[in-house]
Amino acid sequence: MTLQNVLVIGNGGREFAIAKKLKQSPKVDHVYCAPGNVGMPTVGVEPVAIEELDFAGLIKFAQEHQVAWTFVGPEDALVAGIVDEFQTAGLKIFGPNARAAQLEGSKEYALSFMNKYGVPTAKHLAFENEAEALTHVADFGFPVVLKLDGLAGGKGVVIASDQADAEATIKEMFADHTGRLVIEECLVGPEYSMFVLIENGDYQILPMAQDHKRAYDGDKGPNTGGMGAYSPLPQLSEFDRQRMVEEVVEPSVKGLVDGEYDYHGILYIGLMLTEDGPKVIEYNVRLGDPETQVILPRLATDLFDLVDACVNDQPLPEVVEKEDAVLGVVVASKGYLQKPVKNQALGKFPVAGNITVDYANVAGSLADLHGAGGRLLMVIATASDLKQAQQDVYAYLDQLEEPECFWRQDIGEKAFNDVWPEIS
């Protein structure tokens, strides 16, 4: 058997987890990651100094290094058309094309898709100017959800508690950003992350996870890119999961086929389990961060086999999940989101026992590690159950001395207490 070389695009914790999982495949020789980060050599992955939007440079590298296929991590590259460019060059690549990537690139486009193909979601309207938005915001009741239409790195959503808060937020959003604003009713219920690997009409569902978007304990503070996650979801019944598949996943996949999107990649579905059943909060067209870091360790099926089948239009292997529970907590720079500390010296993060560390926004070298702002890394535990995984992660974190960093202390509590309502 000839071992294969693969390329991962991106530099964060998500790409670390993807590259690490691919490197574990017995069918893979080299895993390259462009641009990668300084932590990746700890798991045998080779960073490559090519930026994720340098499509010409990436294509040249893939050709010169006999890359079997490329796995795209971040949304920016997908929306910018990296898949189209690679395919034009005759290269295989995992991810949706630019047309399909609009499902994440434009919230209004995604909502129109859901309406057209009967995917349940929140009541919503999009506005192109401040005056119209201010006139109609009260029509949705309070609290109300305000979303920038374009890409915002998972942070372009504000839940306004009352009229004054909503009006101030609308004015700020139109002052700071170009484009349209989407106003939605505020859905209530527990929130879940579902990742569907799609090969046109064929699909497989990866292990599910629950993300923690708010910056601080108790779901307080601003929305972030995610402060921790866990998998599996013991509080989610098989009945409710099946409803998600039948009422959300299947019409979404059918819509992609009927709309001739030629979808080959991941469709992330952010779900709220409301009293009226599951409803979609948003689509993403790639794996999520930090959910990827906890779902891929639970994947018994070879990730290489799944992706290889998808890019070659072969039947997808069945997804088999491990019994293990995985829980991860993000270590972030003090001051994140607004004014994160940068260039702080970080201590050692040894891998020990059932604890692993997925590096993200770090700089320097492993011998002299520094933070580069924002979410720096994720400490992850794998155990026989979630409670043990949670205890192990926090026992590890409690030993660290990182005064210029912070992390949430309650990741995973929803699995034990079924805490809700949650709003998004």
Side-chain angles (χ1 to χ4, degrees), residues 6-10 14-15 18 22 33-34 50-63 67-117 119 149-153 179 194-206 249-270 280 282-289 292 303 306-316:
V6 296
L7 172 64
V8 178
I9 306 297
R14 167 184 52 219
E15 289 76 32
I18 293 166
L22 289 171
C33 190
I50 305 174
E51 293 302 313
E52 63 190 46
L53 296 180
D54 180 4
F55 296 167
L58 293 167
I59 287 170
K60 182 180 178 183
F61 180 89
Q63 292 170 331
V67 167
W69 42 256
T70 298
F71 190 123
V72 187
E75 63 272 25
D76 293 28
L78 292 166
V79 172
I82 188 172
V83 170
D84 308 72
E85 295 286 338
F86 266 62
Q87 289 177 340
T88 298
L91 296 173
K92 294 176 181 178
I93 186 166
F94 181 73
N97 58 33
R99 176 175 173 245
Q102 291 180 84
L103 291 170
E104 180 168 1
S106 167
K107 292 177 176 62
E108 185 180 5
Y109 186 94
L111 290 166
S112 297
F113 175 94
M114 294 178 214
N115 291 341
K116 182 174 182 179
Y117 295 109
V119 180
D149 183 50
L151 294 176
M194 181 171 273
F195 298 93
V196 189
L197 193 151
I198 301 174
E199 180 202 311
N200 207 7
D202 192 9
Y203 71 87
Q204 287 287 324
I205 299 174
L206 301 181
V249 175
E250 291 182 356
S252 296
V253 173
K254 186 175 185 300
L256 292 172
V257 173
D258 292 348
E260 299 181 346
Y261 284 87
D262 191 31
Y263 204 101
H264 288 68
I266 298 290
L267 182 68
Y268 159 88
I269 307 176
V280 177
E282 65 176 350
Y283 288 137
N284 291 163
V285 295
R286 37 73 190 184
L287 286 169
D289 185 348
T292 304
L303 180 61
L306 280 163
V307 177
D308 196 64
C310 186
V311 299
N312 288 294
D313 286 306
Q314 299 296 318
L316 296 177

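The analysis underlying the following values was restricted to heavy atoms, covering all of them including side chains, and did not include hydrogens, waters or symmetry mates.
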How would you list, by chain and number, every residue that makes a side chain to side chain donor-acceptor pair (under 3.5 Å) with [X], sequence neighbours excluded?
X	answer
Asp308	Trp69, Asn312
Lys254	Asp258
Thr70	none
Asp202	none

- Message: Please evaluate residues Tyr203 and Phe195 with respect to the criterion ring-ring contact (aromatic ring centres under 6.0 Å, His included), reporting the C-alpha separation (whole Å), side-chain torsions for both, the decisive distance (0.1 Å), and the verdict.
- Response: CA-CA 10 Å; Tyr203 71 87; Phe195 298 93; over 10 Å; no

- Message: We want to know whether His264 and Asn97 form a side-chain donor-acceptor pair, criterion being a heavy-atom distance below 3.5 angstrom.
- Response: no

- Message: Can you pull out every ring-ring contact (aromatic ring centres under 6.0 Å, His included) where at least one residue sits in residues 81-109? Sequence neighbours excluded, please.
- Response: Phe71-Phe94

- Heavy-atom side-chain contact between Tyr283 and Val119 under 4.5 Å: yes

- Sorted by chain and number, sequence neighbours left out, salt bridge (Lys or Arg N to Asp or Glu O under 4.0 Å) with Glu108 holds for Arg180

- Under the side-chain contact (heavy atoms from CB on, under 4.5 Å) test, residues paired with Asn284 that sit two or more places apart: Glu104, Tyr268, Glu282, Arg286

- Message: I'd like to check the side-chain contact (heavy atoms from CB on, under 4.5 Å) partners of Ala309; sequence neighbours left out, ordered by chain and number.
- Response: Gln314, Leu316, Pro317

- Minimum heavy-atom distance between Tyr117 and Pro251, given as atom pair plus value: O-CB, 3.7 Å

- Message: For residues 85-100, which residue pairs pass the salt bridge (Lys or Arg N to Asp or Glu O under 4.0 Å) check, not counting sequence neighbours?
- Response: none

Scan the side chains in residues 52-60 for donor-acceptor partners under 3.5 Å anywhere in the protein, sequence neighbours excluded, and list what turns up.
residue	atom	partner	partner atom	Å
Asp54	OD1	Gly57	N	3.0

